[in-house]
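For the numbers below, each heavy atom of this structure counts, side chains included, while hydrogens, waters and symmetry mates do not. All values derive from a computational prediction rather than experimental measurement.
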Amino acid sequence: MSNWISLGQSCVPLGGLTLPVLLPPIPSASRKEMDFEAITNYSKLHAKPPGVFLQYGTAGFRTKAENLDHTMFCMGLLAVLRSKQTKATIGVMVTASHNPEEDNGVKLIDPLGEMLAPTWEDHATRLVNAEERELQHVLTDICKKEDVTLQQEAFIVIGRDTRPSSKKLSQSVTDGISVLGGQYHDYGLVTTPQLHYMVRCRNTDGIYGTATVQGYYEKLSNAFVELTKETNHQSRSRTALKIDCANGIGALKLKEMEPYLPKYFVMHRYNVGSKGKLNHLCGADFVKVHQKFPVGLEMKPGERCCSFDGDADRIVYFCEDAAECLCLLDGDKIATLISTFLKELLDKAGQTLTLAVIQTAYANGSSTRYLKETVKVPVHCVKTGVKHLHHKAQEFDIGVYFEANGHGTVVFSKAAEEKIRNQAKEEKDPQKREAAKMLENTIDLINQAVGDAISDMLVVEAILALKDFTIQEWDALYVDLPNRQLKVKVADRRVIDTTDAERRAVTPPGLQERIDRLTKQFQLARAFVRPSGTEDVVRVYAEANTQENADRLAHEVSLAVYHLAGGVGEPPTTEVR
Ligand code: G16
């Protein structure tokens, strides 16, 4: 690893925790072996809450912030071991993304900015749930199983969202890092995708970009300017974009980025955190799940709007239609726009690269049909969680992956990227060269490490400008099937096990048969249930030919979950909104 940064203000041996009087400073030179006495002593300061079991879920650990101090400390320890094993910088992001403000969470970021490898997720779960007396054994066992060389240096980058609890929790992470002799750089307040970007930059010797927020803004804004330079700046798709920032970190980062963007890119930010709670009645998850406008955003029919979530890794677009109803352009519509654009450019450039779209069970049936039958791209369905989509997307030269909730990006294989960059330089045919250059700029505009609301927004805005598309024209590409998402509280959501990319429930017995019977009663209907990996609920999804039918089916399926999977509290009511 050649990109160690020097120890500066933000890279100190101990992460700002007020040191207890009785404990000696954390030893900084414990690289050869683990200092179990120090680990035990510091672990006591970050005591495990009794009776709490946590699982590394869809995107790391998530629960009430008050129960996470110990988890953060353990993730600091684990990040050091992962860094030593991979000989690379590892990221630790403190965020609970779309969850309510009182929750928090943490996830580790692997060397190329991707989600943590599944075997390490298991280590994380084991470590966090180990009692103090078991810590030594679990840490030693992980080192043995993963062949961790303790002499190896470890370097970690940390970031956090704007939740009131995030700062203190990130200090618990730094304590874990320091007690194992790791070094770190704390980026402070960043979006989750910005931290993923930093990790990738650092582990590619800066080839991917410069590992600073300025480097991020410059890379994206330069690519955006290049990609849109031939467009008509007065065009109807160039009206101001209204952005609901979910009262989260996106508000701060968009403000920082504004000076880097061209003057013709006009954005108005709403729900910037000055009043209102994070993700409360606003943000991408609220708009998508409730199919409602966010509060705090003034809009007129036809205006182009979008919502970020709390850590700016998801985005959905929307506008108000002539009947003053919400017209939602979710992750499926974004995937359709991007894959159509890429396919057209590949055709123009004469490139024969494989292109596929990856979705989950939540993808609207209409989007899948449109992609297969009209865009004519292969579509694959995988389990929820960007880690699953990302992994599948890497099987193709170009993999476009989006969850319907607005979380997604595009990944290009190394070979595809090289081909495109070479063609942009060497192609003799001017039209093909132009198409290759546009593909090259698109590559630079996309955050390939992970779904990124800011980057995705710029990609969408560039495509709309290039096609001179209004949001209504984009929306008209296909009509979504009416759908509904609900949550059901059960005593233990692990009683639900699924198969076939979560489209069928294997347990509890009888549940899938009940869902099948219910689905048959409606036209164009589909429904599934799955345990959430970020909230303590079971999620229910239903779609059908009308909104009324989708709502009825979702409600009936919720009741089936409640009765067959150990529902707690009152049974779900028919009030779905
Ligand atoms: C995270 C994951 C997404 C997933 C979402 C909901 O998003 O990164 O891939 O779709 O959780 O997951 P679940 O239905 O299992 O709760 P975010 O934006 O909260 O990080």
Side-chain angles (χ1 to χ4, degrees), residues 57-68 93-107 160-169 189-193 242-255 267-299 305-320 325-326 328 330-331 403-407 451 453-454 457 484-489 532-540 569 572-573 575-577:
T58 315
F61 294 104
R62 284 199 195 165
T63 190
K64 294 271 168 282
E66 68 218 34
N67 284 332
L68 277 168
M93 184 70 198
V94 176
T95 179
S97 194
H98 75 272
N99 292 47
E101 190 166 284
E102 49 282 14
D103 286 2
N104 215 322
V106 58
K107 68 174 175 182
R160 64 172 196 273
D161 70 13
T162 53
R163 277 161 212 272
S165 57
S166 290
K167 187 159 188 201
K168 193 158 182 292
L169 289 174
L189 291 170
V190 280
T191 70
T192 295
K242 296 191 163 180
I243 308 167
D244 155 29
C245 301
N247 293 318
I249 183 72
L252 287 177
K253 297 297 149 180
L254 280 175
K255 193 165 181 216
M267 58 174 160
H268 300 302
R269 298 171 306 124
Y270 297 85
N271 297 325
V272 295
S274 47
K275 51 183 182 222
K277 273 173 103 179
L278 182 76
N279 297 322
H280 182 59
L281 303 177
C282 60
D285 197 62
F286 173 81
V287 174
K288 167 71 183 159
V289 173
H290 296 271
Q291 303 181 17
K292 279 187 178 172
F293 293 109
V295 297
L297 194 142
E298 300 138 26
M299 59 189 300
C305 309
C306 65
S307 277
F308 287 11
D309 70 340
D311 64 341
D313 62 359
R314 301 192 204 172
I315 181 172
V316 294
Y317 270 75
F318 59 92
C319 64
E320 189 178 281
C325 294
L326 178 88
L328 179 68
D330 60 5
E403 295 185 297
N405 62 23
H407 201 158
I454 294 180
M457 174 190 81
R484 179 62 60 199
Q485 273 189 60
L486 297 174
K487 299 177 190 182
V488 185
K489 275 245 166 220
S532 162
T534 61
E535 293 172 61
D536 191 10
V537 293
V538 174
R539 297 201 194 280
V540 171
T573 61
E575 179 58 59
V576 292
R577 281 164 195 266

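Within the 4.5 Å cutoff, no side-chain heavy atoms of Lys255 are placed close to those of Val272. Taking the side chain as every heavy atom from C-beta outward, Ile454 and Phe308 approach each other to under 4.5 Å. At a threshold of 4.5 Å between non-hydrogen side-chain atoms, the residues Arg62 and Asp103 do not count as touching. For the pair Ser532 and Thr58, the minimum side-chain heavy-atom distance is 4.5 Å or more.
Separation of atoms SG (Cys319) and CG (Leu326) is listed at 8.0 Å; rounding is to 0.5 Å. With rounding to the nearest 0.5 Å, the separation of OH in Tyr270 from OG in Ser307 is 12.0 Å. Atom CZ of Arg163 and atom CG of Leu169 lie 10.5 Å apart (nearest 0.5 Å). Separating the CZ atom in Arg160 from the CG atom in Asp311 is a distance of 14.0 Å, to the nearest 0.5 Å. Interatomic distance, CE of Met299 versus NZ of Lys242, reported as 7.5 Å (0.5 Å rounding). Between the CD1 atom of Ile243 and the NE2 atom of His268 there is a distance of 9.5 Å, given to the nearest 0.5 Å.
When atom types are taken as modelled, the side chain of Arg269 and the backbone of Leu254 share no donor-acceptor pair closer than 3.5 angstrom. A donor-acceptor distance shorter than 3.5 angstrom exists from the side chain of Asn271 to the backbone of Val295, with no hydrogens or angles considered.
Residues Asp313 and Thr192 have side chains that never bring a donor and an acceptor to within less than 3.5 angstrom of each other.
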Going through the checks in order, is the side chain to side chain contact (heavy atoms under 4.5 Å, CB included) test met by Ser166 and Asn104?
CA-CA 7 Å; Ser166 290; Asn104 215 322; 3.1 Å; yes

Arg539 and Thr534: side chain to side chain contact (heavy atoms under 4.5 Å, CB included), yes or no, with the steps?
CA-CA 11 Å; Arg539 297 201 194 280; Thr534 61; 3.4 Å; yes

Give the intermediate values and the outcome of side chain to side chain contact (heavy atoms under 4.5 Å, CB included) for residues Thr162 and Leu252.
CA-CA 9 Å; Thr162 53; Leu252 287 177; 4.1 Å; yes

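Taking all atoms of both residues into account, the shortest heavy-atom contact from Leu68 to Gly105 is CD1-N, 3.6 Å. In this structure, Phe318 and Cys306 approach most closely via the heavy-atom pair CE2-C, 3.7 Å. What you find for Leu189 and Asp161 is that their closest heavy atoms are CD2-O, 3.4 Å. In this structure, Gly250 and Ala312 approach most closely via the heavy-atom pair CA-CB, 4.1 Å. Nearest heavy-atom pair across Pro164 and Glu101 is CD-CG, 3.8 Å. Closest approach of Pro294 to Asp244, counting heavy atoms only: CB-OD2, 3.2 Å.
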Only pairs under 3.5 Å count here: list side-chain donor-acceptor contacts from residues 275-289, not counting sequence neighbours, and write none if there are none.
from   : atom 1 : to     : atom 2 : distance (Å)
Asn279 : OD1    : Gly310 : N      : 3.1
Asn279 : ND2    : Ser97  : O      : 2.8
Asn279 : ND2    : His98  : O      : 3.1
Asn279 : ND2    : Asn99  : O      : 2.8
Asp285 : OD1    : Arg314 : NH1    : 2.9
Lys288 : NZ     : Asp330 : OD2    : 2.9

